[in-house]
Amino acid sequence: MALKGLDIFKLSPKKNCKECGSPTCMAFSMKVAQGAVSIDACPYFSEDAKAQLNEATAPPMKTIKVGTGDHEFALGGETVLFRHEKTFVSKTRYAVAISNAMDDAAVEAKLAEIPKVDYDRIGERMFAEMVYVDYSADADKDKYLDIVKKAAGLSRVVVLGCEDVDVAKEAVELVKADKPILNGANASNYEAMNAVATAAGVTLGVKGADINELYDTVAAIEKLGNKNLVIDCGTNSIKEAYAIAVQFRKAAIKDSNRTCGYPSIVRADVLAKGDAHLQAALLSLFTMKYGSIIVTEQMTYAEALPLYGLRQNVFTDPQKPMKVEPGIYPLNGADENSICVTTVDFALTYFVVTAELERSGVPMNLIINDAGGLSVLTSWAAGKFSSGSIAKFFEEQKIEEKIKSRKLVIPGKVAVLKGELEAKLPGWEIIIAPREAVQLVKFFKELDL
């Protein structure tokens with residue numbers, strides 16, 4: 001629950017020194033309550049006061065960071081149940097499962113398969129960020145440790161699925177510098193597992209036979225001083241895993257129950273029981289409700305293409321259009337003599353069109369107009385992508401001073417603008433592109449430049 005300005009003022013030094021930039025401590029406190037300034041702007045707040053304020057203003061879900069360097073990921077930290085209320089902040093991550101119960105050939109094939117899905121979509125890298133290494137007590141321990149080392153070599157966050165304390169300790173020692181997750185604490189071993197995780201400084205995953213045991217185990221670990229946790233939703237049934245994911249999130253956000261406020265792990269690979277179609281459905285379901293890490297049996301392009309598109313849509317701010325910076329983007333070694341192409345600043349349009357333009361190999365200057373982050377037809381209908389706005393953008397950017405070419409290609413869906421643009425941009429030849437991006441390669445290769 002957000003603190004009021006008066007609550008913050010009561011903890012303030014009440015010096016009215018103005019060093020924070022505010023005329024009084026009360027004014028400063030009001031700004032902190034509104035989120036307009038950090039409490040650290042005041043040099044005189046005591047550490048105890050800061051600790052109280054940070055605890056009171058922290059998100060209902062704790063933010064847990066795993067991995068290191070370019071492969072450090074934030075989990076949790078959410079403040080709403082539904083994306084339209086504000087936005088989700090820490091996107092779901094996907095882990096591919098490997099076990100020491102698999103034969104050697106299957107392990108090697110899985111390790112080789114994981115890096116194959118790696119591509120960009122609308123400026124975001126899409127790949128399986130984690131590897132879930134599951135320990136089977138019926139299989140060889142040394143083989144498990146060897147798989148852990150190989151998984152770490154893929155530059156992915158390693159999740160150690162192991163409830164054997166001794167084996168877990170050895171496995172953590174191998175990869176602790178990479179900040180893995182040790183998913184193995186339960187009602188019978190949580191004290192020993194907690195000691196292993198805290199000694200290595202890694203995140204601890206907590207399991208339970210049911211939702212009540214899970215809650216009690218998390219609370220018991222918190223009493224030991226460890227809040228670097230993730231919650232395993234279990235594998236009893238899809239219904240129970242879904243209930244845990246939803247009820248824990250709801251209790252954290254709506255009821256301010258911080259014991260429930262941790263990221264979650266969902267074992268879709270186990271819940272699907274070998275059914276690839278069911279697993280795909282579970283990946284989608286728990287991406288929306290509310291898996292922080294979802295474990296999958298595999299991640300091929302068949303799974304990845306729709307799944308990552310869904311995730312990208314769910315984890316974008318609904319109040320902020322997905323847009324790129326307006327300006328001139330030279331493609332394929334373009335210079336001032338190269339033909340000009342224009343379109344809107346909607347990110348999906350930009351990346352789809354750019355990919356096709358680059359495939360054509362034709363040097364060109366892509367001019368991105370400021371259209372409010374809307375698609376071509378939507379921005380045209382709203383008057384944000386019109387002959388007037390394009391001509392004004394050309395004037396503001398001094399396009400005619402920077403580029404000597406006087407050929408401009410416009411999207412086929414707004415061919416109606418051709419005559420108006422010729423009137424507003426004297427001396428320019430306006431060329432109509434195809435309506436679909438997939439036709440651009442053939443169009444430009446055949447265009448008389």
Can you tell me how far [atom2] of [Y] sits from [atom1] of [X], rounded to the nearest 0.5 angstrom?
| X | Y | atom1 | atom2 | result |
| --- | --- | --- | --- | --- |
| Glu213 | Lys207 | CD | NZ | 12.0 Å |
| Leu282 | Thr287 | CG | OG1 | 10.0 Å |
| Glu78 | Ser90 | CD | OG | 5.0 Å |

Inset, instruction - List the steps, then state whether ring-ring contact (aromatic ring centres under 6.0 Å, His included) holds for Tyr290 with Phe248. - result: CA-CA 9 Å; Tyr290 291 107; Phe248 267 63; over 10 Å; no
So, using salt bridge (Lys or Arg N to Asp or Glu O under 4.0 Å) as the criterion, who are the partners of [X] when residues are at least two apart?
| X | result |
| --- | --- |
| Asp118 | Arg125 |
| Asp345 | Lys323 |
| Asp104 | Lys143 |

Inset, instruction - Enumerate the residue pairs fulfilling salt bridge (Lys or Arg N to Asp or Glu O under 4.0 Å) with a member in residues 299-314, sequence neighbours excluded, ordered by first and then second residue. - result: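 For residues 299-314: Glu124-Arg311, Glu129-Arg311.
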Inset, instruction - For the pair Lys14 (side chain) and Phe9 (backbone), establish whether a donor and an acceptor sit closer than 3.5 Å, ignoring hydrogens and angles. - result: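 The answer is yes, because a donor-acceptor pair under 3.5 Å joins these two groups.
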Kindly list each side-chain donor-acceptor pair under 3.5 angstrom involving residues 59-74, sequence neighbours excluded, with atom names and distances?
from  : atom 1 : to     : atom 2 : distance (Å)
His71 : ND1    : Ser155 : O      : 3.1
His71 : NE2    : Ser155 : O      : 3.3

Inset, instruction - Kindly write out the residues that satisfy side-chain hydrogen bond (donor to acceptor under 3.5 Å, both in side chains) with Asn369, not counting sequence neighbours, or none if the list is empty. - result: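 Testing Asn369 for side-chain hydrogen bond (donor to acceptor under 3.5 Å, both in side chains), a comparison that skips the adjacent residues, returns none.
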Inset, instruction - Check step by step if side chain to side chain donor-acceptor pair (under 3.5 Å) holds for Glu222 and Tyr262. - result: CA-CA 11 Å; Glu222 285 185 321; Tyr262 293 100; 2.5 Å; yes
Legend entry - Asp275 and Lys273 ion-paired at < 4.0 Å: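 No, Asp275 and Lys273 are not salt-bridged.
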